[in-house]
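Each chain gets a letter, A, B and so on, in the order its sequence line appears, and its residues count up from 1.
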Amino acid sequence: MKYDYRSIEKKWQEKWEDAGIFHASDDTTKKKFYALVEFPYPSGAGMHVGHVKAYSGLEVISRKRRMQGYNVLFPLGFDAFGLPTENYAIKTGIHPRKVTDMNIAKFTSQMKRVGFSFDWTRTVDTTDENYYKWTQWIFLKMFENGLVFRDKTLVNYCPSCKVVLSNEDSQGGKCDICHSDIVQKSKDVWYLRITEYADKLLEGLEKVDYLPNVKLQQVNWIGKSRGAFVDFSVKGADEKLTIYTTRPDTLFGVTFMVMAPEHPMLDKYKDKITNFDKVEEYRDICAKKTEFERTNLVKDKTGVKIEGLAGINPVSGKEIPIYISDYVMMGYGTGAIMAVPAHDERDYDFAKKFGIDIIEVIKGGNIEEGAYTGDGEMVNSEFLNGYDNKKDSIDRMIEFLTEKGVGKAGVQYKMKDWAFNRQRYWGEPIPIVHCPKCGMVPLPYEELPLRLPKIDNFEPGEGGESPLAKIDEFVNCKCPHCGGDAKRETDTMPQWAGSSWYFLRYIDPTNTDTFADPDKLKYWLPVDWYNGGMEHVTRHLIYSRFWHRFLYDIGAVPTEEPYAKRTAQGLILGPDGEKMSKSKGNVVDPNDVVDEYGADVLRVYILFMGDYGAAAPWSENGVKGCKRFLERVAALTDMIAPGSETPEVNSLLHKTIKKVTSDIEEMKFNTAIAAMMTLVNKIYEKGSITKDELTAFVKILCPFAPHLCEEMWATLGGKGFASLAEWPAYDEAKTVDSEIEIAVQICGKLKATVKIPAGADAPSAIAAAKACDKVAEALAGKSIVKEIYVPGRIVNIVAK
RNA sequence: GCGGGUGUGGCGGAAUUGGCAGACGCGCAAGAUUUAGGAUCUUGUGUUCAUUCGUGCAGGUUCAAGUCCUGUCACCCGCACCA
């Protein structure tokens, strides 16, 4: 058979679609497999090779599971709300709805050309009102359960996109969308109380099978720390200043305190602060600092001493100065710290600069030279002297503080509450009404969806307000509670809202009564295997686990965790080894590859490039190599010779089936393909293959190169579709050779190889080794010290 | 600074988890075929004439180390004044 991919691929794609062979059924009597890939944002650029790699892994696994008799749910939808579409609309005047529909249509047809076995009847679009109705519904449920709040605080703001960003969306001080520098701005914004779920998100990780580094990144992002809250009396104020510390045992070493410049106590006691003008001056300087200055001038501490207020050390009773400095953040702990310069580098730098006392309380370092952050015995600490700070000093101090009522054990998280809004048009409207009498009133559930109004001008307001604010018909409404005049919330939800629950909607995408039928949820959940990019680990993956866990807590979903297993694919780099980007001009368009080489070649090459989880550069020659392989495969139909079975080919076939079967499950696609290449080489070497052998080979290649395999299947007279054929079993007996070749070493150096029967015992294997000329030669005149035989592998003779 | 990862031919990468390093593919070379180019097929291809030497570098454990241990260098990723 000649490999004519152009005629083959379209034909089989149509046949698959007509027969609907990739549709998941809700037949709960069958064993299920729910495979999930991160749904794409339908950008105007269309499909990228990165998409193909991201989907190809579970594509192969899903196809294999289907052949193994599983009821497979492998869907794809579109995460279509977001700024790029809106910005495009601003530029061109084309409505985001229209742009989105066009892009989805383009993506879908491109994806179908690759032959992915997605169940297209279950596709979802987050911008569809029948979808975002339920996004809004979940938001209202969260509101009802006290997980939504509004707060005026300093927020991450992108001046270029003119939106407020969550902590997750502004990592490294850069906007996740446009990479501009983030500024801190005081704004009234919506928050989701994700911190309330910090412990549940942490504990949930213990029950799931995620890549270790995925787990670790989430653990670090949540950033749980144990320590204590300690109350310091403040001379000049009638309230205590509470600090958080992970090292309460160093309290006797505290020589000053530091508040964040934004600490509320400052304004409260500004009459008592005799140098408040200096405080305000310092605040201005801090506000103007860029992220770069803040992070790169770490050693150079700045600050202002607060005159008129002083702290009292609760264990020693000593009076200590209070400073403000921007090395203390309002967003972590209590926004104030106790400073122990002898044992904290930052406090040390500050104390040195401001001439503050340094008291050693842990033995082991030299405080003349720098802070000692290691372990040791407590000193200068009254009742704590002699305790070991690694073992029991912290517990002892917490016990003491608790007894005296000036402190208690506590935990803190680095993760912050989720700033949950964007001041833009193309997002889910937040279903809340602001009533002058009743305050924030949620829309009744039966009024969902709250539809986005049709507008023409998508420009955000200069003051950073949503374009929706300009639409009077949308804004002005009646309060659902009292019926009086009220105004609608005009912010929309952030990009991550729709993607936080989409995997639930695939299960029942057209349900109008609920987001998904409970029985169907019970059958399909959890997602058995979720694959996606590492870049989503501290964003989408943590958000969606939070939403899912909340839904579990209110009884809406049957599992605590949404995803049983999580893996990640590596990047495809440009041919130059650099990350693909338009500006570098090293982008490979998968559509061109399909045109020139065919979809099967694209699929096989992407999985053959290297370790699925690692980054690998694109190579046009590598693509050609895969094309050559598939051409050689196609030609196998001409090499069928009845009764020509050779033990070599037959044995290797069984070995290959075994290896491909297990390699696919471990996502070791590159070695699975290599094994099949080896088999094909062997068949060519022997010159013939039987029809049954070829049929089995076609089945194991089918998940990788389904179009070619369907064609060969038909040529071989197979019934129905190769894609639905039964996955071949292998005969274990045929995967072991009767005669094996083992290596013979003398003193660990390889001298020869000998063939011995597979079941040979140690004495006979060693005897066979010694019988070999080269070995006998090497052993001549020496006395044997030790003989080792590792069954099936090696004989090592130690001789002097 | 902290956390994680990776270093193997000319290149992408294998190595049953301590047991013949370099599977498979690319590239390259020679030959065959072809009017020619391209394509295809065959053979070879870490290094050395060879005994040798070879998995970033230096040690160590072991009969045996790419794999384990100690130290070190380089690069990549994540977080970052988190108290």
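- Open room surrounds NZ on A:K408; 12 or fewer heavy atoms of other groups in view lie less than 6.0 Å from it.
- Rounded to an integer number of Å, the gap from A:I797 CD1 to B:C63 P is 16 Å.
- Counting any heavy atom pair closer than 4.0 Å across all strands shown, A:T753 reaches a base atom.
- Neither side chain, A:Q218 nor A:Y210, offers a donor N or O lying under 3.5 Å from an acceptor on the other.
- Atom OH in A:Y597 sits roughly 10 Å away from atom P in B:A39 (whole-Å rounding).
- The aromatic ring centroids of A:F350 and A:Y327 lie less than 6.0 Å from each other.
- For the residue pair A:E665 and A:S662, no side-chain donor N or O sits within less than 3.5 Å of a side-chain acceptor on the partner.
- Side-chain contact between A:L653 and A:F697 is present, with heavy atoms from C-beta onward closer than 4.5 Å.
- Within 4.0 Å of A:G625, counting heavy atoms only, lie sugar-phosphate atoms of the nucleic acid but no base atom.
- In this structure, the CG atom of A:L211 is 12 Å from the P atom of B:G5, given to the nearest Å.
- B:G59 and B:G66 have their P atoms separated by 15 Å, given to the nearest Å.
- With A:F704 as the aromatic partner, A:R603 does not meet the cation-pi criteria of under 6.0 angstrom to the ring centre and within 45 degrees of the ring axis.
- Regarding the sugar-base torsion, B:G78 falls in the anti class, its angle being beyond 90° of 0.
- Nucleotides B:A65 and B:U55, compared at atom P, are 11 Å apart to the nearest Å.
- For A:D344, the salt bridge (Lys or Arg N to Asp or Glu O under 4.0 Å) partners at least two apart in sequence or on another chain are A:R346.
- Listed pair A:Y244 / B:A83 fails the phosphate criterion, with no side-chain N or O lying under 4.0 Å from OP1 or OP2.
- As rounded to whole Å, 15 Å separates atom P of B:G5 from atom NZ of A:K215.
- Scanning atom types as modelled, no donor and acceptor separated by under 3.5 angstrom connect the side chain of A:K624 and the base of B:C26.
- Map A:I673 and A:R539 each onto its nearest nucleotide of RNA chain B; the residue landing nearer the 5' end is A:I673.
- Closest approach to the A:R346 side chain among B:C53, B:C81, B:C20 is made by B:C81 (side chain taken as heavy atoms from C-beta onward).
- Among the atoms of the strands shown, base atoms are found under 4.0 Å from some heavy atom of A:E741.
- Contact annotation: the side chain of A:Y543 approaches that of A:S166 to within less than 4.5 Å [non-hydrogen atoms, C-beta and beyond].
- The same atom, C1', is picked in B:C57 and in B:C2; the two are 25 Å apart, to the nearest Å.
- Nearest-nucleotide positions on RNA chain B place A:N213 closer to the 5' end than the other of A:N213 and A:G331.
- Spacing of C1' atoms, B:G54 relative to B:G9, comes out at 10 Å, to the nearest Å.
- Stem regions annotated for RNA chain B: B:1-7 with B:73-79, B:10-12 with B:24-26, B:27-32 with B:40-45, B:56-60 with B:68-72, counting only runs of 3 or more consecutive pairs of Watson-Crick or G-U type with both contacts under 3.5 Å.
- Taking 4.0 angstrom as the limit, A:R628 places a side-chain polar atom (N or O) nearer than this to OP1 or OP2 of B:G27.
- Between A:K686 and A:E648 there is a salt bridge, with a side-chain nitrogen of the basic residue lying less than 4.0 Å from a carboxylate oxygen of the acidic one.
- To the nearest 0.5 Å, atoms CD (A:Q412) and CZ (A:R226) are separated by 12.5 Å.
- Considering only the side chain of A:W221, B:A80 comes nearest among B:C82, B:A80, B:C41.
- Comparing atom distances between the A:L216 side chain and each of B:C20, B:C26, B:G3 picks out B:G3 as nearest.
- Nearest to the side-chain atoms of A:N621 among the listed nucleotides B:C53, B:C24, B:C26 stands B:C26.
- When rounded to the nearest whole Å, the span between NZ of A:K682 and C1' of B:C24 equals 15 Å.
- Around the NZ atom of A:K579, the shell of radius 6.0 Å holds no more than 12 heavy atoms that belong to other residues, nucleotides or ligands.
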Self-check item: Sequence-aligned protein contact record of nucleotides 13-19 of chain B, with B where the base is within under 4.0 Å of a protein heavy atom and S where only the sugar-phosphate is
Solution: SSSB--B

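- Taking atom C1' on both nucleotides, B:G71 is separated from B:G22 by 28 Å, rounded to a whole Å.
- By the rule that a glycosidic angle within 90° of 0 means syn, B:U55 does not qualify and counts as anti.
- Atom CD of A:E631 and atom C1' of B:U40 are 9 Å apart (whole Å).
- A 4.5 Å side-chain heavy-atom check between A:F229 and A:T334 finds at least one atom pair inside the cut-off.
- For the pair A:K416 NZ and B:C82 P, the interatomic distance rounds to 12 Å; values are reported in whole Å.
- Atom CG of A:L573 is separated from atom P of B:C76 by 13 Å (rounded to the nearest Å).
- Only the C1' atoms considered, B:U35 is 49 Å distant from B:C53, to the nearest whole Å.
- Taking atom P in both B:G38 and B:G31, one finds a spacing of 15 Å when rounded to whole Å.
- Rounded to whole Å, the P atom of B:U16 lies 30 Å from the corresponding atom of B:G78.
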